[in-house]
Chemist: 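So that we are looking at the same thing, I have put the structure below in structure tokens.
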Amino acid sequence: MDATTARHSTALLTDRYELTMLQAALRSGAAHRRSVFEVFTRRLPEGRRYGVLAGVGRVLDAVEDFRFTTPQLDWLSDQGVVDEPTLRFLADYRFTGDIHGYPEGEVYFPGSPVMTVEGSFAEAVILETLILSILNFDSAVAAAASRMTSAAGNRPCIEMGARRAHEQAAVAAARAAYVAGFQATSDLEAGFRYGIPTTGTAAHAFTLLHDSERDAFTAQIDSMGRGTTLLVDTYDLKEAVRTAVEVAGPELGAVRIDSGDLTLLAHRVRRQLDELGATATRIIVTSDLDEYAIAALAAAPVDGYGVGTSLVTGSGHPTCSMVYKLVARAAGPEGPLVSVAKRSAGAKSSVGGRKWAARRPDADGVAEAEVTGTGTLPDELAPHLLQVPLVKAGEVVGREPLAAARDRHVRARAALPLSATQLSRGEPVLPTELRLG
């Protein structure tokens with residue numbers, strides 16, 4: 001992790017059926033068969049052109065912390081969840097297998113094997129719920145954040161959604177948003193835990209506390225300096241802007257508008273600030289923004305955006321519908337891997353076999369297809385492989401600074417066709433090609 005924090009067991013962040021499957025497999029003798037599970041999504045949310053993988057670093061931490069404590073084992077026993085042989089297995093549980101996957105910040109498409117977990121069935125199957133819960137949420141937030149930062153262009157976006165989510169989900173959301181280009185968060189735990197820059201000054205309550213708006217602005221300036229951001233829409237916006245400049249002078253850092261017709265008000269405030277000599281004072285807008293509202297403000301004199309509810313809820317798509325499927329397993333304790341796949345009506349079938357993945361570029365270096373396959377990797381795709389080692393023989397090898405994932409996302413998004421960043425509805429910007437070896 002990026003800061004020293006209390007680490008707790010993640011072993012019960014799972015569904016009961018993971019452990020009951022384990023018990024039955026231990027009894028049948030199949031639990032120790034070598035197995036390969038893949039994480040992928042069958043489709044992107046409607047209208048989305050690409051997905052963004054986030055949460056990989058959190059998965060690595062969570063797998064390391066997947067240890068059953070004595071109180072947890074006692075509770076499982078008291079509740080009759082599993083039998084004594086299974087409890088003994090869990091008491092010694094350590095993941096000793098391998099994990100490969102797309103690195104954090106990378107984009108993905110339907111069928112992309114974003115994570116591959118290999119080990120015995122027993123040690124790999126019980127990671128399913130934990131891995132999916134992290135990747136589904138974090139990637140949903142990151143996809144929304146990527147659309148927002150793309151719409152914002154060079155203007156910074158600030159994550160402000162802590163009060164709109166579960167307290168721990170808010171921390172994860174801030175991290176995912178940072179991966180996808182947000183520059184700061186209001187959530188202090190996210191700053192402490194992951195080193196994300198934090199920001200924030202005052203809410204309407206601070207203005208309402210004081211006998212006048214002038215008193216409130218004076219108190220804030222005295223405390224935080226002239227470079228602070230003053231919230232100017234508690235009462236009369238025009239009067240507030242005038243008072244703000246009178247109190248802080250032309251060195252005032254920024255004003256924030258949190259309600260009303262933001263495009264119209266931003267133009268009015270910019271004109272007023274310039275007339276008052278505060279030409280360098282920035283305008284920050286908030287108020288239930290999403291990627292569409294940000295895009296609509298592109299021509300307005302706005303210097304930054306604060307985004308909350310839409311971000312932490314995935315802008316209408318709070319999950320990526322990723323699944324964790326067994327695609328290969330050994331025929332016996334020492335046998336070779338054989339492909340297995342779900343066969344069912346509708347859209348829930350899967351493709352068996354351990355897969356490689358590559359993103360094929362065209363002659364100009366722009367991505368033109370996501371290619372996945374089993375068997376031998378074609379030589380021409382070798383330079384474009386997407387999966388990297390994350391865990392080897394139970395040891396994490398793929399941990400990296402959050403800044404690396406952030407930089408990777410910039411590069412990955414820039415390598416997509418230009419239509420990827422259009423907010424209009426459309427199909428995934430790259431087709432997924434499947435090659436079965």
Side-chain angles (χ1 to χ4, degrees), residues 1-14 52-67 69 72 95 99 101-106 114-115 127 129-146 148-149 156-201 306-314 318-320 322 390-391 395-410:
M1 300 181 71
D2 303 296
T4 302
T5 61
R7 297 273 290 268
H8 302 285
S9 169
T10 58
L12 291 185
L13 297 176
T14 191
V52 180
L53 184 66
V56 175
R58 294 211 307 124
V59 166
L60 298 181
D61 290 340
V63 170
E64 277 191 334
D65 293 340
F66 202 92
R67 308 282 190 272
T69 66
Q72 289 173 336
F95 180 73
I99 300 178
Y102 284 32
E104 190 154 18
E106 185 58 85
V114 297
M115 189 167 285
L127 296 178
T129 301
L130 179 63
I131 288 175
L132 289 180
S133 67
I134 293 172
L135 296 185
N136 267 314
F137 178 77
D138 290 33
S139 299
V141 173
S146 180
M148 292 171 187
T149 55
C157 291
I158 302 167
E159 188 278 318
M160 302 171 63
R163 64 191 65 191
R164 299 291 188 257
H166 181 280
E167 66 273 15
Q168 293 304 321
V171 179
R175 182 186 182 282
Y178 190 66
V179 167
F182 272 60
Q183 293 197 2
T185 178
S186 65
D187 190 285
L188 292 177
E189 178 64 21
F192 171 71
R193 192 180 301 182
Y194 297 117
I196 302 170
T198 63
T199 189
T201 51
V307 190
T309 303
S310 289
L311 179 63
V312 299
T313 58
T319 181
C320 301
M322 290 183 181
L390 298 172
V391 176
E395 297 296 322
V396 172
V397 297
R399 188 174 280 117
E400 62 182 3
L402 201 55
R406 182 178 168 86
D407 292 342
R408 179 178 298 110
H409 180 64
V410 172

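We're numbering straight along the sequence, starting at 1.
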Chemist: Would you compute the distance between atom CD of E400 and atom CG of D407 and round it to the nearest 0.5 angstrom?
Modeler: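 Answer rounded to 0.5 Å: 9.5 Å.
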Chemist: Taking all heavy atoms of T69 and all of S9, pick out the closest pair and write down the distance.
Modeler: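 Closest heavy-atom pair between T69 and S9: CG2-CB, 4.0 Å.
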Chemist: Work out which heavy atom in D138 is nearest to a heavy atom in A54; give both atom names and the distance.
Modeler: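 Of all heavy-atom pairs spanning D138 and A54, the closest is CB-O, 3.4 Å.
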Chemist: Please give me the minimum heavy-atom distance between L135 and G55, naming the atom from each residue.
Modeler: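 Looking at all heavy atoms of both residues, the closest pair is CD2-C, 4.0 Å.
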Chemist: Taking side chain to side chain contact (heavy atoms under 4.5 Å, CB included) as the criterion, tell me which of V59, I99, V397 meets it with V391.
Modeler: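 It is I99; the other options fail the test.
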Chemist: Answer yes or no: is there a donor N or O on one side and an acceptor on the other, between the side chain of T198 and the main chain of L188, under 3.5 Å?
Modeler: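 Between the backbone of L188 and the side chain of T198 there is no qualifying donor-acceptor contact (under 3.5 Å).
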Chemist: Checking L402 against R175 for the side-chain contact (heavy atoms from CB on, under 4.5 Å) test, could you report, in this order, the C-alpha distance in whole Å, the side-chain angles of both residues, the deciding distance, and whether it holds?
Modeler: CA-CA 8 Å; L402 201 55; R175 182 186 182 282; 3.6 Å; yes
Chemist: So, does S133 use its side chain to make a donor-acceptor pair with the main chain of L130 at under 3.5 Å?
Modeler: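 Side chain of S133 to backbone of L130: a pair is present.
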Chemist: Compare every heavy atom of A165 with every heavy atom of A170, then report the nearest pair and how far apart it is.
Modeler: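 Closest heavy-atom pair between A170 and A165: N-CB, 4.2 Å.
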Chemist: What distance separates I134 CD1 from L60 CG, expressed to the nearest 0.5 Å?
Modeler: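 Spacing of CD1 (I134) from CG (L60) equals 9.0 Å.
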Chemist: Just by modelled atom types, is the Y178 backbone N or O under 3.5 Å from a matching donor or acceptor in the R406 side chain?
Modeler: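 Checked: pair present.
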Chemist: Would you check if the side chain of S139 reaches a backbone N or O of N136 as a donor-acceptor pair within less than 3.5 Å?
Modeler: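 Absent.
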Chemist: What are the two closest non-hydrogen atoms of A177 and A145, and how far apart are they?
Modeler: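 Answer, listing the atom of A177 first, then A145: CA-CB, 3.8 Å.
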Chemist: Atom CG of L311 and atom CE of M148: how far apart are they, to the nearest 0.5 Å?
Modeler: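 Reported to 0.5 Å precision, the distance equals 5.0 Å.
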Chemist: Could you grab the distance from atom CZ of R408 to atom CD of E106, nearest 0.5 Å is fine?
Modeler: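 That separation rounds to 7.5 Å.
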Chemist: Looking only at atom types and distance, does a side-chain atom of R67 sit under 3.5 Å from a main-chain N or O of E64, one as donor and one as acceptor?
Modeler: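 Yes: the side chain of R67 pairs with the backbone of E64.
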Chemist: Nearest 0.5 Å, please: how far is OG1 in T14 from CZ in F66?
Modeler: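 Rounded to the nearest 0.5 Å, the CZ-OG1 separation comes to 5.5 Å.
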Chemist: Could you state the interatomic distance from CD1 (I196) to CD (E159), rounded to the nearest 0.5 Å?
Modeler: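 One gets 8.0 Å once the value is rounded to the nearest 0.5 Å.
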Chemist: Got F182 and V307 here, is their nearest side-chain heavy-atom distance under 4.5 Å?
Modeler: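 Yes, close enough: below the 4.5 Å cut-off.
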Chemist: Which heavy atom of G105 sits nearest to which heavy atom of V179, and what is that distance?
Modeler: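 Between these two residues, the closest heavy atoms are CA-CG1, 3.8 Å.
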Chemist: Please check this pair: side chain of Q183 against backbone of I158, looking for a donor-acceptor N/O pair closer than 3.5 Å.
Modeler: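 Not a single qualifying donor-acceptor pair exists.
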Chemist: Within the distance-only criterion (no hydrogens, no angle test), does the side chain of T149 pair as donor or acceptor with the backbone N or O of A180 below 3.5 angstrom?
Modeler: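 Yes, because the side chain of T149 sits within donor-acceptor range (under 3.5 Å) of the backbone of A180.
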Chemist: Please determine whether side-chain contact (heavy atoms from CB on, under 4.5 Å) holds for the pair L13 and T129, giving the CA-CA distance in whole Å, both sets of side-chain angles, and the decisive distance to 0.1 Å.
Modeler: CA-CA 7 Å; L13 297 176; T129 301; over 6 Å; no
Chemist: Using modelled atom types only, decide if a donor and an acceptor are shared between the side chain of D187 and the backbone of V171 within a distance under 3.5 Å.
Modeler: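 Between the backbone of V171 and the side chain of D187 there is no qualifying donor-acceptor contact (under 3.5 Å).
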